[in-house]
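In what follows, every chain begins at residue 1, and chains take the letters A, B, ... in the order their sequences are listed.
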Amino acid sequence: MQLEKVYEPQRFEPHWAQWWIDAGVFRAATHSKANGTFSLVIPPPNVTGSLHMGHMLEHTEIDVTVRWHRMLGENTLWLPGMDHAGIATQMVVERKLAAQGIDRRAIGREAFEAKVWEWKAESGDTIKCQMIRLGTSCDWSRERFTLDPGLSRAVREVFVRLYEKGLIYRGEYMVNWCPGCRTAISDLEVSHKEAPGNLWHLSYPVVGTDRFLVVATTRPETMLGDTAVAINAKDERYKDLHGRKVRLPLTGREIPIILDDLADPEFGTGAVKVTPAHDLNDFECGKRHGLKSIRVIDETGKLTAEAGVYTGLDRFEARKRVVEDLEKAGVLERVEDYTLNLGRCDRCNTVVEPLVSTQWFVKTKPLAEKAIQAVESGAIEIVPENWIKTYNEWMYNIRDWCVSRQLWWGHRIPAWYCDACGEIIVAREEPASCPKCDGSALRQDTDVLDTWFSSGLWPFSTLGWPDQTEDLKTFYPTSLLITGFDILFFWVARMIMLGIEFMGEVPFKQVYIHGLVRDADKQKMSKTRGNTIDPLVVTEQYGTDAVRMALLTAAAPGTDIVFTQERMESSRAFANKIWNAARFLFMNMERSGVEPSESFVLDSEPVTLEDRWIFSRLNSCAEQVNRAIAQHRYHEVAQTLWHFVWDDFCDWYIELKKLRFQENSGLNSDWRNILSAFEAMLRLLHPAMPFVTEELWQQLGEKSAGRPISIVLAAYPQYSVEKTDVAAEKEMETLQAIIGAARNLRAEMKVDPKLRLTGTLYSRGDAQKTAAAHSLAVQKLANLNLDWGGETAPADIGAMRSTTEFDLVLHLPAAQPEAQRGRLEKERDQLEKVIANSHRQLSDEAFVSRAPEKVVTSIRQKLAEYEAQLQKVRASLDALS
RNA sequence: GGGCGCUUAGCUCAGCUGGUUAGAGCGCCUGCCUUACAAGCAGGAGGUCCACGGUUCGAUCCCGUGAGCGCCCACCA
């Protein structure tokens, strides 16, 4: 049993990922809550998971919020994203098609799918989609390019039920239309950004007078579709224009002047043009006044036949032309610079066009009320809780959700239209004939649903709903959802609304919201910026465990995660450290003929100080880690583990054990304890670093009776009071302090590390006893032989370091007064500072009388210690001069 | 226009309910190729905790104001 000298995670990570899946540990783990271990955590192959890395996935765009921590709750289930894989696939396919010069929009749904399959057959290519292996919906190996049938069924079921309850309706409404994608998109998919623009002031002649009414607009081309001009009824300036009409320039149409609050007397000229077909406010105003709606821009962003001479022009070209013509006509009063908030499509960055069209909507108000209640009542706990405010803000101001999309890929809307009588049929299965007129010419709606509609069903659709399956009973509601704040509304809010609606119960009890992973310059990762990180590349480079650990250490709640190379490098060093600790153990086992399967005992009896100490430390490490996990303080988990592994286990415990091996190549008791501590450490580390811990854990011992087949299934270390060994920790602290003092002095005095020194230890407590008991440790770790003095060292003795417990004096081959003086003066200054500070506090009447006694006495105690130390330092300084 | 957050060592950040000589990683300096690990070991330097005011016996922490930075939401022409 030997490990390669070079740590190469790539050699065992894929193996373990595959093994876990093949062995079905995935399912087993899900159901093993009975023994109190965990519910589910398998890091998907090659995905670093652990935190929200959706932004980093160039290949797949799958949300891989993978749960790495497993012992969180009794009912924790976490599977990766579902039909996002489908959308991602579509995008990848589109990209590849585009490279072949094929525009999917030009060819229609059926032709598109056919093309995809033809292309796939030709290229023999596979789409990289890590989630496939875990049984999600998008699977290229299936015979058709289809969505998961179970999910499709759930989607249809939900749609039909909402429709029957009147919570889904089909209507004409103003939607955000993306002329680039040629589909409607939801409000959330529009991102607003400020952009420089103009405000054009146009003067419309008032019919039957010689007056003009000046309106201001940021989009002059829409004036072609104006059907009114609004003024405020209270606006004194326009009192005399009530009931009149204006003649619309360029078209010559006469349109009414209406009274509406849309017109704000404070803004601009107080008069506003009304274009019901191309602006939401105008649309609503139009409805109030029964105005006609004239569409002058079509789905492709070109001007319609209604636009007269401008027909067929692109909307931006049309704007130029309209402005020119308005100027020629002398109605362009003036132009001013104006910053406008331009909405663009999240996906393709095209300027969104508000367009009236017929779409399917979900009435969200009734759903939102229950969702608000769920958080308010504490049925769902959001962590950190400041997100509740954001959540409520959105829920209270929620608007109906446009769920139909004019895309090719997705769940098709289960609605059919009868050609004969126009009836709309919403049904679970394709109807044979129209229930109203019995006609058989039925067409299914070609629109598909918003991807978040099906994603919103995730907590129950994945569990077999609408069937009452065992899984559904066991895992609904789940205990925890971990996600990034960027999809709080998109996904979390909708899961809550739909979950409550269809299950009558919240979908999860806790939502932990973490920050976004940002690049080294703190920029949000996005494809348009080109600063995304491909997890497949970085995990290949540093190892999955290292990347996970790097993310964890950076994941303080409420803050974003900066993803830097340095952090990954140091995490890789950490993984390497663990690897080498194991290597050391295995080499020595070989040397001393220890068989792992024999010596591997779980609850061994500690014999030596270092064993008692490491077990005690391990115990408090388990306590801290478990607590930090419960509080979602993941960076603290990482930090605690790091400190334990590196400082306690490697730098002290192993160093001390080396001495045992030098003495006697290790007694059985040594081996039992080392291996026990190491094994427990691996289990503690496993959620953070699953691969390296599994690899080492497997190598550590043969499958013996009662031992699980995988570390994933082994119990997570827990704290217990009786495992705390205060005496051992105290003694070890003293030993560390003595060695530390000696090392410090040696370095300070520039003593050759190879030179064995002698020293004298003066002790006021157990320091001499401790040093005597562990003289070999002092000798080897500090290269020092000690003899014993009294309680306090005389002042005039050379190099000395003191604590409250002891004075350590080193006998140097040559006096080095200068080095000593510098050191002592510095120490003196420091002490004088803190002493002055303490004095100031203690002489303050108010402080002494009002501060808690505990605080006052502790300061008194410290002051005494400082003063004692200062005295020694001063005496030594005097002795020097 | 509303809302949220940040400002601590050269860099990236911790610091959970106010009291420690304010911490970590990286970087830097000094010395070590000590057969687990140079992706390492030992030691060290480095901070007016953004500014000003307030509350308090006591403020990096709580409150207010200001400065700088970032994010989210919003249909004002």
Legend entry - Interatomic distance where CD belongs to A:Glu393 and C1' belongs to B:A74 [whole Å]: 9 Å
What does the list of N/O pairs under 3.5 Å between the protein and nucleotides 17-23 of chain B look like, with a distance for each?
residue	atom	partner	partner atom	Å
B:U21	OP1	A:Tyr866	OH	2.3

Inset, instruction - Figure out the CG/C1' separation between A:Asn576 and B:A39, and round it to whole Å. - result: 5 Å
Legend entry - Pairing of A:Arg237 and A:Asp235 as salt bridge, 4.0 angstrom limit: yes
Inset, instruction - Would you kindly give the CG-to-C1' distance between A:Asn397 and B:G3, to the nearest whole Å? - result: 11 Å
Inset, instruction - Looking at every strand, decide which applies to A:Lys658 at a 4.0 Å heavy-atom threshold: base, sugar-phosphate, or nothing. - result: base
Inset, instruction - Indicate whether any N or O donor in one side chain lies under 3.5 Å from an N or O acceptor in the other, for A:Arg399 and A:Thr364. - result: no
Legend entry - Any-strand Watson-Crick or G-U partner of B:A74, both distances under 3.5 Å: none
Inset, instruction - Once you apply the 3.5 Å cut-off to both distances, tell me the Watson-Crick or G-U wobble partner of B:A36, or none. - result: none
Inset, instruction - Can you tell me the distance, in whole Å, between the CZ atom of A:Arg633 and the C1' atom of B:C13? - result: 13 Å
Inset, instruction - Send over the distance from A:Glu333 CD to B:A77 P, rounded to a whole Å. - result: 19 Å
Inset, instruction - Take atom C1' in B:U34 and the same atom in B:C41, then report the distance between them in whole Å. - result: 8 Å
Inset, instruction - Flag the pair A:Glu748 and A:Lys750 as a salt bridge only when some basic side-chain nitrogen lies within less than 4.0 angstrom of an acidic carboxylate oxygen. - result: no
Inset, instruction - Decide whether A:Gln869 and A:Glu865 meet the rule of one side-chain donor and one side-chain acceptor closer than 3.5 Å. - result: no
Legend entry - A:Lys658 to A:Phe584, cation-pi by 6.0 Å centre distance and 45° axis angle: yes
Legend entry - Name of the residue among A:Trp401, A:Phe489, A:Trp387 meeting ring-ring contact (aromatic ring centres under 6.0 Å, His included) with A:Trp394: A:Phe489
Inset, instruction - Starting at atom CZ of A:Arg743, determine the distance to atom C1' of B:A42, rounded to an integer number of angstrom. - result: 6 Å
Inset, instruction - Would you mind pulling out the nucleotide paired to B:G5, Watson-Crick or G-U wobble, both distances under 3.5 Å? - result: B:C69
Inset, instruction - Rounded to the nearest 0.5 Å, what's the gap from CD on A:Gln736 to CH2 on A:Trp652? Could you check? - result: 5.0 Å
